[in-house]
Amino acid sequence: MNDHARLITFIALVLGLLLAGLSPTTAQADDEPQCSLCGDGGAPTTVGDQGAGSVVTSGVQFPGVDADSALGKATSAHAGCSGCEWIISPACIANGAEDSSACMGATDACADPDAIRYRVYFRPSGTAPWRLVDSVCLGPGERPASVADVGELVRERVVNLLPSADPSFQPADGGIVNLPTIFSAGEPERVEIEPFDVLGFSVTVTATAQWEWTFDHGVTRTFDVPGGVYPDDSVSHEYASTGDRAVSVTTSWTATFTVDGQGPFAVPGPAITKTAGPLTVPVREARSQLVGG
Amino acid sequence: MRGPTGTVLLRYALVAGLLMVPACSDDPEKPGTLPTRSQSPTPTSTSASPDTPEEQIEATMQDYFASFNRAFETGDVSELRDFSTNGCPCRDSADRIARTVDSGGRFEGAEYRVKTIRVHDVEGNTGLAEVVAVVPPYKVFDGSGKVTEDSDGGELHTDYSLVKQSSGDWIIGNTLDLE
């Protein structure tokens with residue numbers, strides 16, 4: 001190795017050492033916070049005791065909250081907001097017996113001795129700053145719930161509350177070739193379910209449906225009316241040949257619900273479907289018959 | 001007489017020396033790099049003996065951040081911890097200072113310069129203090145002298161939930177970073 005080569009090796013070593021020494025001390029990982037001191041709060045997790053807060057989205061409901069209160073107005077105003085976020089944060093977070101005593105003042109602030117005082121924060125989007133909406137006292141069994149939470153439970157209930165189809169046809173003794181056979185699903189066009197309780201909220205449900213009839217093998221048609229009896233021929237089918245047909249109907253219910261008068265909100269998930277049948281429909285040929293008179 | 005190779009070597013050595021200058025400036029042991037204290041008073045003021053709950057809460061928060069700034073310098077967070085419940089998420093900040101200092105690390109330039117304290121929603125034994133504080137550029141060093149955080153600083157904007165104790169003192173029971 002000549003002097004020049006030694007020199008280059010030396011410089012490379014010096015630079016390498018410098019870079020090796022500098023890089024870890026000056027460069028920051030991309031995921032490292034820009035300013036870890038620019039905050040003094042923790043991320044809320046769950047709700048239910050004085051140990052944590054809660055983040056809920058898609059609107060939030062509070063049991064027993066006065067509609068004219070700041071909280072009532074805020075929840076009403078943003079009930080249908082899908083991007084809105086809420087935090088229900090205890091006034092004091094207890095961790096151990098010592099803290100329970102320290103947090104006593106937060107409990108004393110509520111009329112119900114078992115209730116806990118929560119702060120409710122809101123922001124219209126994930127990037128907007130939080131702002132305090134109101135304070136609320138919630139008892140052990142009173143939990144704020146998102147519309148999505150309520151919606152999931154509503155769906156479970158509604159599946160059993162919606163009527164099932166009871167299909168029928170006319171003429172009752174069978175269809176006639178090249179004449180309309182009239183069908184009825186035996187269901188109403190619109191169902192309004194009596195108010196029921198979900199998580200302490202009064203929930204009403206309204207559902208409308210579409211009916212997909214299978215009149216014959218490979219022959220399906222969809223109607224937005226349930227059909228009826230003669231002279232209602234809104235759902236009918238003309239058969240071109242004689243024979244027994246296996247007829248079925250699938251009802252697809254789309255439902256909305258209200259929570260303590262707020263809404264309507266769509267019941268989450270796909271349409272609720274119920275299938276009835278198959279029903280055997282005989283199809284005959286009409287014959288002319290001379291009648292004496 | 002020095003040959004050409006020796007001259008070049010000297011030049012490279014000089015360049016290498018110059019390249020090392022910025023590295024030296026990051027030397028955590030360099031004297032004169034103690035945190036700079038804020039000279040400007042905060043716009044909020046507290047009376048000598050706060051009477052109203054609002055004044056008491058504001059005074060508590062002023063003391064809290066003063067304690068914070070002392071902890072950055074001394075590493076002693078015992079006083080800082082007395083301001084909050086064990087469950088308060090704000091304890092994480094005190095714990096972090098303690099971890100850094102206990103492992104031989106230190107903070108350089110770290111402090112809170114309180115801009116505003118807005119006491120609000122005081123009701124019974126509870127109240128809130130919305131605090132805005134400037135965080136100047138700072139560095140955090142670990143025990144080996146490496147910079148673990150080199151921050152341009154920023155702003156703290158946090159809502160503090162305080163609860164009054166039977167002793168009459170107010171204690172921070174919860175916090176939420178508003179931004």
Side-chain angles (χ1 to χ4, degrees), chain A residues 2-4 6-8 10-11 14-15 17-18 21-22 24-28 32-44 50-53 87 89-96 98-110 117 119 121 123 127-132 134-135, chain B residues 5 8-9 12-13 15-16 19-20 22-23 26 68 72 85-93 96 107 110 112 120-121 123-126 128 130-131 135 138 140 145-166 171-179:
Chain A
N2 59 28
D3 287 346
H4 189 69
R6 281 196 198 97
L7 200 56
I8 290 173
F10 169 72
I11 296 302
V14 168
L15 289 175
L17 285 170
L18 280 172
L22 284 175
T25 59
T26 54
Q28 289 191 50
E32 201 167 321
Q34 295 297 307
C35 178
S36 66
L37 300 183
C38 295
D40 199 10
Q50 290 191 322
I87 286 179
S89 183
C92 189
I93 298 181
N95 184 9
E98 188 185 336
D99 271 4
S100 295
S101 171
C103 286
M104 195 61 75
T107 307
D108 292 346
C110 299
R117 193 168 190 78
R119 316 292 190 190
Y121 293 86
R123 63 181 176 183
T127 55
W130 293 104
R131 69 172 175 82
L132 182 73
D134 208 347
S135 295
Chain B
T5 303
V8 172
L9 187 60
Y12 280 127
V15 169
L19 283 170
M20 290 175 77
D26 277 345
F68 235 129
F72 284 134
T85 61
N86 293 324
C88 179
C90 59
R91 279 291 180 93
D92 291 347
S93 303
R96 182 176 179 232
F107 292 83
Y112 290 110
H120 61 107
D121 290 81
E123 197 172 348
N125 291 323
T126 63
L128 289 157
E130 181 183 351
V131 178
V135 179
Y138 67 90
V140 183
K146 287 184 178 176
V147 177
T148 56
E149 185 180 356
D150 185 356
S151 174
D152 292 335
E155 201 167 76
L156 170 141
H157 187 188
T158 301
D159 219 13
Y160 291 84
S161 178
L162 291 94
V163 180
K164 192 172 188 177
Q165 305 299 287
S166 55
I171 193 169
I172 302 168
N174 199 356
T175 59
L176 178 70
D177 293 328
L178 299 175
E179 293 187 58

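Here the closest non-hydrogen pair linking B/Val163 and A/Gly105 is CG1-CA, 3.5 Å. Residues B/Gly153 and A/Cys38 come closest through the heavy atom pair C-SG, 4.1 Å. In terms of heavy atoms, B/Ser93 sits closest to A/Gly39 at OG-O, 4.1 Å.
Here OG of A/Ser36 is found 11.5 Å from CG of B/Asp92. Values are rounded to the nearest 0.5 Å. Between the CG atom of B/Asp159 and the CH2 atom of A/Trp130 there is a distance of 12.5 Å, given to the nearest 0.5 Å. Taken to the nearest 0.5 Å, the CZ atom of A/Arg131 stands 12.0 Å off from the CD atom of B/Glu130. Going from atom SG of A/Cys35 over to atom CD of B/Glu149 covers 6.5 Å, rounded to the nearest 0.5 Å.
Options B/Leu162, B/Asp121, B/Leu128 differ in how many heavy-atom pairs under 4.5 Å they form with chain A, and the most are formed by B/Leu128.
A donor-acceptor pair under 3.5 Å is formed between the side chain of B/Asp177 and the backbone N or O of A/Asp40. Between the side chain of B/Gln165 and the main chain of A/Ala102, a donor-acceptor pair closer than 3.5 Å is present. A donor-acceptor distance shorter than 3.5 angstrom exists from the side chain of B/Thr85 to the backbone of A/Ile93, with no hydrogens or angles considered.
In this structure, the side chains of B/Asn125 and A/Met104 stay at 4.5 Å or more apart for every pair of heavy atoms. Residues A/Leu37 and B/Ser151 form no side-chain contact, since every pair of their non-hydrogen atoms from C-beta on lies 4.5 Å or further apart. In this structure, the side chains of A/Arg119 and B/Leu176 stay at 4.5 Å or more apart for every pair of heavy atoms.
Residue B/Thr126 touches chain A through both its backbone and its side chain, counting heavy-atom pairs closer than 4.5 Å. Contacts between B/Arg91 and chain A at a heavy-atom distance below 4.5 Å are absent for every atom of the residue.
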